[in-house]
There are 2 protein chains.
Amino acid sequence: METRTRIVEAALETLKRDGFAGTSARAIAAVGGLNQALIFYHFGGVNELLLAALDETSDRRMARYRDVVDGVQTLPELMAAAAAVYREDLESGHIKVLAEMIAGASSAPELGPEIVRRVEPWIDFARDAIARVTDGLPITVPVPAEDAAFAIVALFLGIELLTHLEGDTSRAERLFDLGSGLATMVALLVGPATGPAKEVN
Amino acid sequence: METRTRIVEAALETLKRDGFAGTSARAIAAVGGLNQALIFYHFGGVNELLLAALDETSDRRMARYRDVVDGVQTLPELMAAAAAVYREDLESGHIKVLAEMIAGASSAPELGPEIVRRVEPWIDFARDAIARVTDGLPITVPVPAEDAAFAIVALFLGIELLTHLEGDTSRAERLFDLGSGLATMVALLVGPATGPAKEVN
DNA sequence: GTCTATACTTGGATAGAC
DNA sequence: GTCTATCCAAGTATAGAC
C-alpha cells in the first residue's frame with residue numbers, strides 16, 4: 001500500500017475516532033504506524049492532508065450513493081435507498097468526517113471555502129435525486145428540490161452528530177423506518193400508478 | 001461584572017468565533033481581556049469552563065424558547081415561533097456553541113456524557129411542544145412526537161453547521177418560510193377549526 | 001481573587017542523515 | 001522517499017508574590 005494512501009487512511013481513522021480537535025499530525029502518524037514527518041513531505045501540512053482525506057471519503061461515498069440512488073424512480077424507493085446508504089455511512093464514518101471538518105473549519109478559516117466546494121456536490125446530488133422522484137408524482141410538490149436537498153444534507157449531519165454523541169443508533173434507525181413508511185403512504189395517496197403501490201392497484 | 005461571568009461570556013464568544021478546536025485557555029483569556037490563570041482558578045480547567053458556558057447559553061435560550069413556544073397551540077403557530085427563535089439563535093450563536101461542543105466531544109470523551117445531559121432537555125422540550133400542537137389536530141399524526149423532536153434538533157444542528165460554513169443565512173431562511181407555508185397548508189387541509197384558518201372558515 | 005513567572009506537554013514544521 | 005533530531009510556538013497547569 002502506498003504511503004500517501006496509508007496517510008490518508010490514517011487521517012480518516014483519526015478524524016472518526018478523535019474528531020477534528022484530536023487530529024494532530026502526531027496522532028495521525030501514531031494511528032497509521034507512520035513517521036510524522038511524512039505528512040509534511042507528502043501533503044505540506046495537516047490541513048492539506050485533511051482536505052485530501054475528505055476528498056477521498058467523499059469520492060468513495062459519492063460513487064456508492066450514485067450506484068444505489070441513480071436507478072431509483074419513486075419516492076419510497078428513494079427513501080429506502082437513502083436509509084440503506086446512510087446506515088453504511090454511520091459505519092463508514094463518512095458523515096462523521098464531514099461534520100468534524102465543517103465544525104473544525106471555524107478554527108482554521110482557510111478550510112472554509114475548500115469544504116464548501118466539497119459539500120456542494122452532495123446538495124446537488126440530493127437535489128437531482130429528489131427532483132427525479134418528485135417529477136414522477138401526479139401532483140406538484142410544494143417543496144422546491146433545492147430546499148429539500150439542503151434540509152436533507154443538514155438533517156444527515158445533525159443525525160450523525162447526535163447519534164455519535166449518544167453512542168446509540170436506535171433513534172436514527174427509527175427515523176429512517178418512519179421516513180420509509182411516510183414515503184410509501186404519500187405514494188399511495190397521491191399516485192399509486194408510479195409508486196410501489198402498483199401491486200395494490 | 002463578576003469575573004466568573006466575564007470568563008463564561010468570553011468562552012462563549014470564543015466558541016462561536018473559533019470553534020471548539022480554537023477555544024484554548026489562552027484564546028478565551030485574550031477574547032475576554034482576562035488573565036489566563038483565572039480560568040483554572042475559577043473552573044479547574046478548560047473543559048469544565050466550556051460545560052459551564054454551555055449551561056449558561058442553554059439556560060438562557062431555554063427560557064426564551066419557553067416564553068415564545070409555551071403559549072402556542074397550533075402547528076402553524078409553532079412553526080412560526082420555531083422559525084422566529086431559531087433566527088435569534090443564528091445570531092446569538094447558541095446552536096453554534098452546541099454543535100461545536102458536540103463535535104468537540106470526540107476529542108475529549110469525558111465531555112460526552114455531560115453534553116448528552118445538556119442536549120436531552122432540548123429534545124424533551126421539542127417533543128412536548130410537538131405533542132401539544134399535534135394533539136389539537138383532528139387527525140392522528142403518523143409521526144411520534146419523540147421521533148419528530150429528535151429530527152428537529154438534528155435538523156437545527158445541521159442547518160447551523162451549513163449556514164455558518166457558507167456564511168449565508170438565505171437557505172436557512174427559505175427553509176423556515178417553506179416550513180411555515182407547509183404548516184399552514186396542513187392546518188387548512190386537516191383541521192381548519194383549530195388552526196389560524198379560523199378566519200377562512 | 002488576581003497577576004507573574006514558569007514548568008511541562010503537545011503540536012507544527014524543517015534540516016539533514018540515510 | 002523515509003527517519004532522526006530538533007526548533008519553536010502554543011497549550012495546560014501550578015506555585016508563589018501581591
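Lettering of chains follows the sequences in order, A, B, ..., and the numbering in each one begins at 1.
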Problem - Test salt bridge (Lys or Arg N to Asp or Glu O under 4.0 Å) applied to A:R117 and A:E114, step by step - result: CA-CA 5 Å; A:R117 280 182 36 216; A:E114 296 297 325; 3.0 Å; yes
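In terms of the side chain to side chain donor-acceptor pair (under 3.5 Å) criterion, residue partners of A:R64 (sequence neighbours excluded) are, by chain and number, A:E88. For B:A83, the side chain to side chain contact (heavy atoms under 4.5 Å, CB included) partners are B:R87, B:F176, not counting sequence neighbours. Residues that satisfy the ring pair (Phe, Tyr, Trp, His ring centres under 6.0 Å) test with B:F150, not counting sequence neighbours, are absent from this structure.
The list of salt bridge (charged side-chain N to carboxylate O under 4.0 Å, His left out) pairs with a residue in residues 134-153 of chain A, not counting sequence neighbours, reads A:R127-A:E146, A:E146-B:R171, A:D147-B:R174.
You can see that DNA chain D meets the heavy atoms of chain A within a 4.0 Å-exclusive cut from D:dG1 to D:dT4, reading 5' to 3'.
Contacts of residues 16-44 of chain B with DNA chain D (heavy atom under 4.0 Å): B:S24, B:A25, B:R26, B:Q36, B:A37, B:F40.
Between A:E2 and A:R6 there is no salt bridge, since no side-chain nitrogen of the basic residue lies less than 4.0 Å from a carboxylate oxygen of the acidic one.
A:Y65 and A:W122 have perpendicular rings, their planes meeting at more than 60° on a 0 to 90° scale where under 30° would count as parallel.
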